[in-house]
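Lettering follows sequence order; numbering is per chain, from 1.
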Number of protein chains: 4
Amino acid sequence: MPDKEKNQLAGEFPFVPQQVRAQQKRHALIESGRCLFIKNGYSQTTAKDIAANAGVAIGTFYRYFSDKRQLLRSLFEEQLEMLIPPEPSWVHGDPEILLAALLEKHYKRLDEIGIHRVLPELLPKDPELSEILIEARRKLHSKFLSSLRQIEEMGLTWKDLDLDTVAWTVLMIVENGPQKTEYSDNEINYAEIAKVICRIVFPPEILVRLQNKEG
Amino acid sequence: MPDKEKNQLAGEFPFVPQQVRAQQKRHALIESGRCLFIKNGYSQTTAKDIAANAGVAIGTFYRYFSDKRQLLRSLFEEQLEMLIPPEPSWVHGDPEILLAALLEKHYKRLDEIGIHRVLPELLPKDPELSEILIEARRKLHSKFLSSLRQIEEMGLTWKDLDLDTVAWTVLMIVENGPQKTEYSDNEINYAEIAKVICRIVFPPEILVRLQNKEG
Amino acid sequence: MPDKEKNQLAGEFPFVPQQVRAQQKRHALIESGRCLFIKNGYSQTTAKDIAANAGVAIGTFYRYFSDKRQLLRSLFEEQLEMLIPPEPSWVHGDPEILLAALLEKHYKRLDEIGIHRVLPELLPKDPELSEILIEARRKLHSKFLSSLRQIEEMGLTWKDLDLDTVAWTVLMIVENGPQKTEYSDNEINYAEIAKVICRIVFPPEILVRLQNKEG
Amino acid sequence: MPDKEKNQLAGEFPFVPQQVRAQQKRHALIESGRCLFIKNGYSQTTAKDIAANAGVAIGTFYRYFSDKRQLLRSLFEEQLEMLIPPEPSWVHGDPEILLAALLEKHYKRLDEIGIHRVLPELLPKDPELSEILIEARRKLHSKFLSSLRQIEEMGLTWKDLDLDTVAWTVLMIVENGPQKTEYSDNEINYAEIAKVICRIVFPPEILVRLQNKEG
DNA sequence: CATGAATGAGACTTCATTCAT
DNA sequence: TATGAATGAAGTCTCATTCAT
């Protein structure tokens, strides 16, 4: 079941150090776990499944991970930053266009990775994970908020909206978008969502100005 | 464990019908399930836990439900409509105030019931349940959309936003609000959220007009 | 669920004494047990099934029988003699015809009653029952043997066969016949079996004599 | 619990292949099942019993068998042919002696194996098994019948008996013998049974001829 | 007496984890 | 180091039996 590499060139030295192999195996396991968690859910997936799917024996699984949960944590650590929506730069181009592009990229990436789908199942089971996630969210919110504050100081935002709430709303949209596209029969339209977000952030006349400046 | 009723009318006939007791027990089980699902997650909760928590034997659980999943379904059927956000009436009062009140009521109710928290865990496991939920969401989206179309015809909405997307955005906010309050250290502020929603729906001058008309 | 009798003539006195009713219920239960045991096997049949099939509540079952096994014993006690093959009278008519008639009657009766089919399942579980059965068989064997001895003294049997073994063989045929008819595609033929039995018991010339005497 | 082999050849390589051990454990389970089924009956025996009796944990049982029934099937597949009575060769020696020897060997083997005792309990529960058995019986009957037909053509059988019924009768005796020895207090006497069978098959004068020819 | 809800022991089965090879 | 057989705790579910109504 092992032995799939090391036959690429003739005469090869024992050039692939064991740590690399080990890392590869570890990775194969994580990847296998990711697929199965997404496909069948976390608790529906057994350690044996993960090992089999990675092409190793169950014993090997336990050599690399203390248990299923730890594999999951590793999965997260590896990919957490992929989950984090990028912070938009509001003033270096047409915000609507920038946002639409960012949204599309982010949603697509989330869908590729897919782990966000198992999160809800896990939070009650794993307070530590939960902690990590909440922390990540809090940071994200701070970053959003401070970037909004910057453009507020430039007088670009609505005067009558609470920026904290604006940041929260935008995050809500950005985070939950891809899971909740079954509402309408229409395809999700990134440009339209971008418009809505811009409306929450900028008064229309400001937006026009920004669009003209850079367009 | 038994003995909780039989004090309804004077005379004390042997009249407490069996069905009443049975229904009460069934209810105790559902309630017990609800609590434990919310507290520990669905797959973390065993049938035995639910029975014990309801103060009955495991056999009793299986008298009323074929299994854990069926209990969950019953729970849903009983409370699905409680989960559905109410449809706001946009033009019979200050929309911001109306919305804030609705939001507060809805969020509080969701938090009391709490099942929405297990939903994401369940959807991959129970396609039937998933179906029900998606359907409910679709209907809700339609209702929102058509109510927005009405006020659009009255010329009250932004001309440049796609109403379908607006409806989607509002639902996103309304549905996910209570779960995601860990972002900021501030308390969730219904009035501010209401303002943001109103901004997405109404141009400011329209909103002012609506507020003055009824205020 | 009860109340099915006592409406036969007008003005009727409370004339059906309880014991009769009780006996009827008891009987209904035994009968119900018999059917279900035969259809589904003993251990496949639950006390609840038996009660339901008899149209009474499970509590009633336990009023009449201490448990399933006791019901079975009662069933046996009631019907044991029906299971016992009749002892043929060898010399009062054509033995082949007499035997064929007896066999047919016996096999048919066994099939109607049907309990012989659950016996094998029960013997390991219920040594007491087992005891009863072995005893019944032993008696039957004795009866057969002594009846064979009588005709032996009249010089009607083979001289070179051990009568004990002859009796054993005949019982083997008589007892197992109806269960083992799947061997051949042909219908079971009582007359032919009777002939075989007669061949074991009587030398042909004796048989002819007996047939002529009475025919 | 482990350690029972590894002494086959000198040198003691780490050469006992896992499959051998596994097969041994599988066998231990089957054997354990056989004993318990015979002693306590099929439905009285639990998977746990079987595992414990084989000296392994319950999980090990389920590694080798999907459930109790499957173990039983394996047991059958392994030993079905042992259950099948051998076909006698009627004319190559004194039939009585040959038969007595065959009967003794067959009965003893049946008693050693013992599974025939659980058969009757199983047939109603397991139609598939039932099918296998009926088929085996039908084949056996055919074989018997055709061997009888052969000696019939040689003029060695009774003219007035139906060979189909003769075959059926012989099988009845051969199959049920060992279970039903409780009839009489005497030991079962193979020679006497053989005599009875011969009487059903051969007219006495033919038998004498056969005995003299080869004796 | 009849009822059937309630009980809980115990059977069945899965799976995370260990450990000898 | 890799393997996978073995383990047994823990969950699911059934059913004989009791007992309040």
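- To the nearest 0.5 Å, atoms CZ (B:Arg34) and CG (B:Leu29) are separated by 13.5 Å.
- Taking atom CG of residue A:Asp49 and atom P of nucleotide E:dT14, one finds them 13 Å apart after rounding to whole Å.
- Residue B:Thr60 places its side chain closer to E:dT7 than to any other of E:dT7, E:dG4, E:dT13.
- Taking side-chain N and O atoms only, C:Lys25 has a distance below 4.0 Å to OP1 or OP2 of E:dA2.
- We find that CZ of D:Phe61 is positioned 12 Å from P of E:dT14, with the value rounded to whole Å.
- Distance alone, capped at 3.5 Å, places no donor-acceptor pair between the A:Thr60 side chain and the A:Val56 backbone.
- For E:dG4, the paired base is F:dC19 (Watson-Crick or G-U wobble, both distances below 3.5 Å).
- With the nearest nucleotide of DNA chain E identified for both C:Gly59 and D:Thr45, C:Gly59 has the one nearer the 5' end.
- A straight line from CD1 of D:Ile50 to P of E:dT13 spans 11 Å, rounded to a whole angstrom.
- Of the candidates E:dA9, F:dT17, E:dT13, E:dT13 carries the atom nearest the D:Ile58 side chain, counting heavy atoms from C-beta on.
- Taking atom CG of residue A:Asp67 and atom C1' of nucleotide E:dT18, one finds them 14 Å apart after rounding to whole Å.
- The separation between B:Gln44 atom CD and F:dT12 atom P is 11 Å, rounded to whole Å.
- Heavy-atom minimum distance, B:Asn53 versus B:Ser32: OD1-OG, 3.0 Å.
- For D:Tyr62, a side-chain nitrogen or oxygen approaches OP1 or OP2 of E:dT13 to under 4.0 Å.
- Taking atom NZ of C:Lys68 as the reference point, atom P of F:dC15 lies 9 Å away to the nearest angstrom.
- At whole-Å resolution of the value, NZ in C:Lys48 and P in E:dT7 are 14 Å apart.
- Atom-to-atom distance recorded for C:Asp49:CG and C:Phe37:CZ is 10.0 Å, nearest 0.5 angstrom.
- In this structure, the nucleotide among F:dA6, E:dA6, E:dT13 sitting nearest to the side chain of B:Arg63 is E:dA6.
- Here the C1' atom of nucleotide E:dA16 and the CG atom of A:Leu71 are 14 Å apart, to the nearest Å.
- The side chain of A:Tyr64 contributes an N or O atom lying less than 4.0 Å from OP1 or OP2 of F:dA2.
- Side chain of C:Ala57, nearest nucleotide from F:dT3, E:dG4, F:dA6: E:dG4.
- B:Thr46 comes within 4.0 angstrom of the backbone, heavy atoms only, and of no base.
- Residues A:Ser43 and B:Gln44 are not in side-chain contact: their nearest non-hydrogen atoms beyond the backbone lie 4.5 Å or more apart.
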